[in-house]
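Only a predicted model underlies this, so the values are computations on that prediction, with no experimental measurement involved. Sequence lines set the chain letters: A, B, ... in the order given, protein chains first and strands last, and positions in each chain run from 1. Below, all heavy atoms of this structure are taken into account, side chains as well, without hydrogens, waters or symmetry copies.
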Protein chains: 2
Amino acid sequence: MATSGPRGQYAKTPQRRQEILEAAIEVFAASGYRGGSLREIADRVGMSLAGLLHHFSSKSELLSGVLTLRDEVAIRDFGSMEGPGEERVRNYLRLIIGNESERGLAELYCILSAEATAPDHPAHDYFIQRYEFVSGLMYPAFADLAAQGKLRPGVDPKQATIDLIAITDGIQLQWLLRPNVNQMGESVRRYLESVTTLEF
Amino acid sequence: MATSGPRGQYAKTPQRRQEILEAAIEVFAASGYRGGSLREIADRVGMSLAGLLHHFSSKSELLSGVLTLRDEVAIRDFGSMEGPGEERVRNYLRLIIGNESERGLAELYCILSAEATAPDHPAHDYFIQRYEFVSGLMYPAFADLAAQGKLRPGVDPKQATIDLIAITDGIQLQWLLRPNVNQMGESVRRYLESVTTLEF
DNA sequence: GTCTATAGGGGGATAGAC
DNA sequence: GTCTATCCCCCTATAGAC
């Protein structure tokens, strides 16, 4: 066993793995997990199906790789996880507005989360945990705003967390179906202004 | 040509068609259009694949049948399309609350609408038109409420229409993934109370 | 109206050469 | 690390008997 440095389990060809993951994101975004095929992903990256399966030993493992990669990027983009409530909600809105220029990413989460409502879907547990993660990030933010008197009267932090996530997911679906009709950030901004006394 | 009575184009075995459509709803709800198979639908209704294809000549035609059937039911359930704004938003909320006891239906629309964001999906145009239909139903309701001074200051009827649909779709997805966490009607009710001066 | 049989394609995954 | 060849499964759809 070599020392667990950069030549560990996944040191074979990090670059190749990255290419495969990016192609997989495109294909899964367009056709979902069920509808997307490993052959098409392999074609896009210019290799054979068997070659791809050398790097990811099964379709579901490739999906795991995609989700892990996206989590790393998203967590980095979000910025601080420790700041005050106001900073977090502003970071959230900034992230949603940023997604307006990444249609493929919105497509990916839209189709995967819908597929993953089926209990036997390989990403079922992932999406449940993802909701818990986002809730666990935003609920304290709203609770902090409440403590500072920055929530409007009658607004419950727990409900606000649920509804913020709902309007985010819903506007994303709507944006994908009718790209011309609205901008995602506007709906999320309106929602945040409707539950807080802040301006965004 | 017979007179266009009950023995028209689709009079062969209306009951058989109905059974097939109901099985198709279950299968498409669980696995989506791409993931659902005609064989499984045929099995559920206790007939062969070829037998099924005698009633619906292709998979996409079966999907059309499902969507048409659901539209008929939904339009009937919604009630009056002509009443004042207040009645319409109340009908909308009532419909959403009613859906809480029809999980299969929520699953169906959730997965099909996500799949249908792909331009080549057989239900792509259907879901675009569906958004236009619902918008065309609810925008006049909010506009009427605005004219009666029943919208809160700063609320735009057009934006309210978009956000109402967004929160509805989003809370549905969330409900499917974590059924224990919330009730769909509550989020929609909260939204309606946040944009109007009415009580629900 | 329903069936069996079959065509014809695409899917994920493995074996083994290089 | 990448390939070709192959296995076996499931898919939609059609042909034709009953």
Any [X] side-chain nitrogen or oxygen under 4.0 Å from OP1 or OP2 of [N]:
X	N	value
A:S37	C:dG10	no
B:S48	C:dC3	yes
B:H55	C:dT2	yes
B:H54	C:dG1	yes
A:R16	D:dT2	yes

Heavy-atom side-chain contact between [X] and [Y] under 4.5 Å:
X	Y	answer
B:I41	B:L62	yes
A:L192	A:L164	yes
A:I20	A:R17	no

If I take atom [atom1] in residue [X] and atom [atom2] in nucleotide [N], what distance separates them, rounded to the nearest angstrom?
X	N	atom1	atom2	result
A:L63	C:dG11	CG	C1'	17 Å
A:L62	C:dA13	CG	P	10 Å
B:R34	C:dG12	CZ	P	13 Å
A:E40	C:dG11	CD	P	8 Å
A:D43	D:dT2	CG	C1'	15 Å
B:F56	C:dT2	CZ	C1'	16 Å
A:I41	C:dG10	CD1	C1'	14 Å

Original post:
Yes or no on side-chain hydrogen bond (donor to acceptor under 3.5 Å, both in side chains) for A:R88 and A:N91, after CA distance, side-chain angles and deciding distance?
Top reply: CA-CA 5 Å; A:R88 278 198 214 184; A:N91 278 350; over 6 Å; no
Subject >> Cationic N near anionic O, under 4.0 Å, B:E86 to B:R90 >> reply: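 The answer is yes: the pair qualifies as a salt bridge.
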Please list, pair by pair, any protein nitrogen or oxygen found under 3.5 Å from a nitrogen or oxygen in nucleotides 13-18 of chain D.
{"unit_1": "D:dA13", "atom_1": "OP2", "unit_2": "B:K59", "atom_2": "N", "d": "2.8"}

Subject >> Distance (rounded to the nearest 0.5 Å) between A:T117 OG1 and B:E107 CD >> reply: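 The CD atom of B:E107 is 6.0 Å from OG1 of A:T117, to the nearest 0.5 Å.
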Original post:
Angle class for the B:F127/B:Y109 ring planes (parallel below 30°, perpendicular above 60°, tilted otherwise)?
Top reply: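 The arrangement is perpendicular - the two ring planes meet at more than 60°.
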Original post:
With sugar-phosphate meaning primed atoms plus P, OP1 and OP2, does B:G36 contact a base, only sugar-phosphate, or nothing at under 4.0 Å between heavy atoms?
Top reply: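 Since only primed, P, OP1 and OP2 atoms lie under 4.0 Å of B:G36, the category is sugar-phosphate.
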